[in-house]
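All remarks here apply to the structure that follows.
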2 protein chains.
Amino acid sequence: MPSPGLRERKKQKTRDTIIRVALDLFAEKGYEHTTIAEIAEAAEISPRTIFAYFPSKEDIVFYDLPVVHEVLAQALRDRPEGATTLDVLREIIVCSLAPDPTHQQRRCIISSDETLQRSKRARFAPLEELMVGAIAQDLGAGPGDIRPQVVAAALVAAFTAVSDPTTEPPEPYTEAQALAVIDDVLRFLRGGLEALRNG
Amino acid sequence: MPSPGLRERKKQKTRDTIIRVALDLFAEKGYEHTTIAEIAEAAEISPRTIFAYFPSKEDIVFYDLPVVHEVLAQALRDRPEGATTLDVLREIIVCSLAPDPTHQQRRCIISSDETLQRSKRARFAPLEELMVGAIAQDLGAGPGDIRPQVVAAALVAAFTAVSDPTTEPPEPYTEAQALAVIDDVLRFLRGGLEALRNG
DNA sequence: GAGCAAACTTGCAGAGCGTGCATTTATAGC
DNA sequence: GCTATAAATGCACGCTCTGCAAGTTTGCTC
C-alpha cells in the first residue's frame, strides 16, 4: 500500500488527539461534566471540527467500534469450513483479552456514567446481529427460529461479564480464568442446543 | 384504599393525555420529528410542564416501564417456594401477550426510530438485573459465577424475539405459538445448565 | 365561605449537543 | 506558482433539558 500522504496522516493524528484528550478529560471530570468546547480547546481545534470526526460526543468514547464491527464481520464471513461461529468468537475473545491502558481507562469512564452504560449496551446490538446471522447459518435455522437470537445474546452476556468484572475489587480476569469461563459458556450453549434437538 | 382525591385524579389525567397525544404524534410524524412543544400544544399544557411528568422525551414512550419493573420485582420476590425464576417469567410472559392497541402502536413507533430501539435495549437492563439476582439465588451462584447473567440474557432475548416479531409481515404470535417458543427456550436453558453440571 | 399552606403550572433565561451553510485555509497535483 | 480538492472554521439556529422565580389551583381549617 502506498504511503498515506501528509493529509491522511494529519487527519489520523487529529483523530487520535481528540480521542486522547477527550478520554483524559472524561476520566478526570466525568463524561457528563466535560463539554465539547473543552475537548476542542484541549485538542486545539474548533468545536465544530470535532463533529467532522465523530457524529456525536458518545462516538468518541466508542471510537473503535466500527473497526471491531468490521473485524468481526470479516472473521465470521471468512471462517474456515469446519469452524462454527462459537469457535470464531472464542478466538476473537481470546485476542481481545490483551491488556490495553486506553481500554482500561474507557471501562472506567463508562462504568461511572449511566448514559454511557446504556449506550454501550445499545451499541453491542449490531455485533449481536452479526452473530445471529452466522449462528443461524450454522444451525440451518429458518426465519421463525429464535435459537440464533438466544445463543447470540448468551454469548454477548458472557463476553460482557468477562470483560467488565463486577466483582469488588474489579480486577481483570486472567487469560486462563477468562478461557475457563468462555469454555463453560460454550459448553452451556452446546448442551442447551442438544437438549432442544432431543426435546 | 381511599378515593384518590381531585388533585391526584387530575394529575393522572394529565399524564394520560400526554402519553396519548405524544404516541399519536410519534406515530403520525415520527418520534424524531415531533417536538416537545408540539406535544405540549396538543395536550394543552405548557412545554415546561411535560418535564414535571416525564424526565425526558424518551420516558414518554416507555411510560409503563417503572410499573413493569415493580411488578417483576414483586413477582420474583414473592414467588412461592417451589417456583423457579423461569416459572415466574413464563407466567408473566403469558400475561403480557394480551393484545393492547397502545402497546402495538408503541412497537410500531419504536421500530421506526433508531434512537428508540437503542433506548429500549438499554432500558431492559434493569429488568435483566432483577432476573440475574433471582436466578443467582435459584442456582446458589456465588459472585464470580456468570451463569445467571447468561441465562437472564437468553431469557430477555427470547422474550424480545417473541414480543417483536421480525418476520414479514410482522404478525404477532398467537398465544400457543409464543408458549411453544418459550417452553423451547426454557428447555434450552435447563439443558445447558445440566450440561455444565455434568461437564 | 375566607384564608392559608402546599402542590401544581408556567414563563424565562440559559447551558449544551448537534446541523446546515458559507467562508477561509491547507494540501495535492500539474 | 497555480488551481482544484479537501479540511477547518465561524455563525446562526433548532432542540432537549434544567434552575429559578413567579403565578395559579387545590385541600384544609376555622
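Per chain, numbering begins at 1; letters A, B, ... match sequence-line order.
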Contacts table for residues 42-53 of chain A: side-chain donor-acceptor under 3.5 angstrom, sequence neighbours left out:
unit_1, atom_1, unit_2, atom_2, d
A:Ser46, OG, A:Arg48, N, 3.0

Self-check item: Side-chain hydrophobic cluster, 4.5 Å single linkage: members besides B:Val94
Solution: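 The other cluster members (ILVMFWY side chains, heavy atoms under 4.5 Å, direct or chained) are B:Leu179.
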Quiz prompt | Members sharing B:Val71's hydrophobic cluster (side chains within less than 4.5 Å) | solution =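 Once heavy-atom contacts under 4.5 Å are chained together, B:Val71 belongs with B:Val67.
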Quiz prompt | Heavy-atom neighbours of A:His103 NE2 exceed 12 at 6.0 Å | solution =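 Counting other residues, nucleotides and ligands, NE2 of A:His103 exceeds 12 neighbours.
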Side-chain polar contacts of residues 187-198 of chain B - donor-acceptor pairs under 3.5 angstrom, sequence neighbours left out - could you list them?
unit_1, atom_1, unit_2, atom_2, d
B:Arg187, NH2, B:Asp184, OD1, 2.6
B:Asn198, ND2, B:Glu194, O, 3.4

Quiz prompt | side-chain N/O B:Ser46 vs C:dT9 OP1/OP2, d < 4.0 Å | solution =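 Result: no.
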Exercise. Kindly say if A:Lys10 contacts the phosphate of C:dA26, meaning a side-chain N or O under 4.0 Å from OP1 or OP2.
Key: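 False: A:Lys10 side-chain N/O out of range (4.0 Å or more) of C:dA26 OP1/OP2.
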Quiz item: Heavy atom of residues 28-44 of chain A under 4.0 Å from DNA chain C: which residues?
Solution: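 A:Thr34, A:Thr35, A:Ile36, in order of number.
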In whole Å, I'd like the distance from the [atom1] atom of [X] to the [atom2] atom of [N].
| X | N | atom1 | atom2 | result |
| --- | --- | --- | --- | --- |
| B:Arg9 | C:dC8 | CZ | P | 15 Å |
| A:Lys11 | D:dA6 | NZ | P | 10 Å |
| A:Ile45 | C:dT25 | CD1 | P | 18 Å |

Validation: residues 141-154 of chain A side-chain donor-acceptor distances under 3.5 Å, sequence neighbours left out:
unit_1, atom_1, unit_2, atom_2, d
A:Asp145, OD1, A:Arg147, N, 3.0
A:Asp145, OD1, A:Arg147, NE, 3.1
A:Asp145, OD2, A:Arg147, NE, 2.9
A:Asp145, OD2, A:Arg147, NH2, 2.7

Self-check item: By salt bridge (Lys or Arg N to Asp or Glu O under 4.0 Å) - contacts of A:Asp16 (at least two apart)
Solution: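 None.
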Practice problem: Just compare D:dA7, C:dG11, C:dC8 and give me whichever is closest to any side-chain atom of A:Arg7. | Solution: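 For A:Arg7, the side-chain atoms sit closest to D:dA7.
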Quiz prompt | Of the listed nucleotides C:dC8, D:dA8, D:dG19, the one nearest the side chain of B:Arg48 | solution =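 The listed nucleotide nearest to B:Arg48's side chain is D:dG19.
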Quiz item: Got a sec, which pairs hit side chain to side chain donor-acceptor pair (under 3.5 Å) with one end in residues 89-102 of chain B, sequence neighbours left out?
Solution: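 Applying side chain to side chain donor-acceptor pair (under 3.5 Å) to every pair that reaches into residues 89-102 of chain B, excluding sequence neighbours, yields B:Arg90-B:Asp183.
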Exercise. Five pairs at each end of the helix from C:dG1-D:dC30 to C:dC30-D:dG1: take the axis at both ends and give me the angle between them to 10°.
Key: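 For the helix from C:dG1-D:dC30 to C:dC30-D:dG1, the axes at either end differ by 10°.
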Quiz item: What salt bridge (charged side-chain N to carboxylate O under 4.0 Å, His left out) pairs are there with at least one residue in residues 129-140 of chain A, not counting sequence neighbours?
Solution: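 Every pair satisfying salt bridge (charged side-chain N to carboxylate O under 4.0 Å, His left out) with a residue in residues 129-140 of chain A: A:Arg79-A:Asp138.
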Practice problem: Mind listing the residues from residues 50-62 of chain B sitting with a heavy atom below 4.0 Å of DNA chain D? Number order is fine. | Solution: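 B:Phe51, B:Pro55, B:Ser56, B:Lys57 - these, ordered by number, are the residues of the stretch whose heavy atoms sit under 4.0 Å from the strand.
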Quiz item: Between A:Glu32 and A:Lys57, is there a side-chain N and carboxylate O pair less than 4.0 Å apart?
Solution: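 Here A:Glu32 does not pair with A:Lys57 in a salt bridge, since their nearest N and O are not under 4.0 Å apart.
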Please list, one pair per line, the donor and acceptor atoms closer than 3.5 Å that link side chains of residues 19-26 of chain B to other protein atoms, with sequence neighbours excluded.
unit_1, atom_1, unit_2, atom_2, d
B:Arg20, NH2, B:Asp24, OD1, 3.1
B:Arg20, NH2, B:Gln105, OE1, 2.8
B:Asp24, OD1, B:Gln105, NE2, 2.9

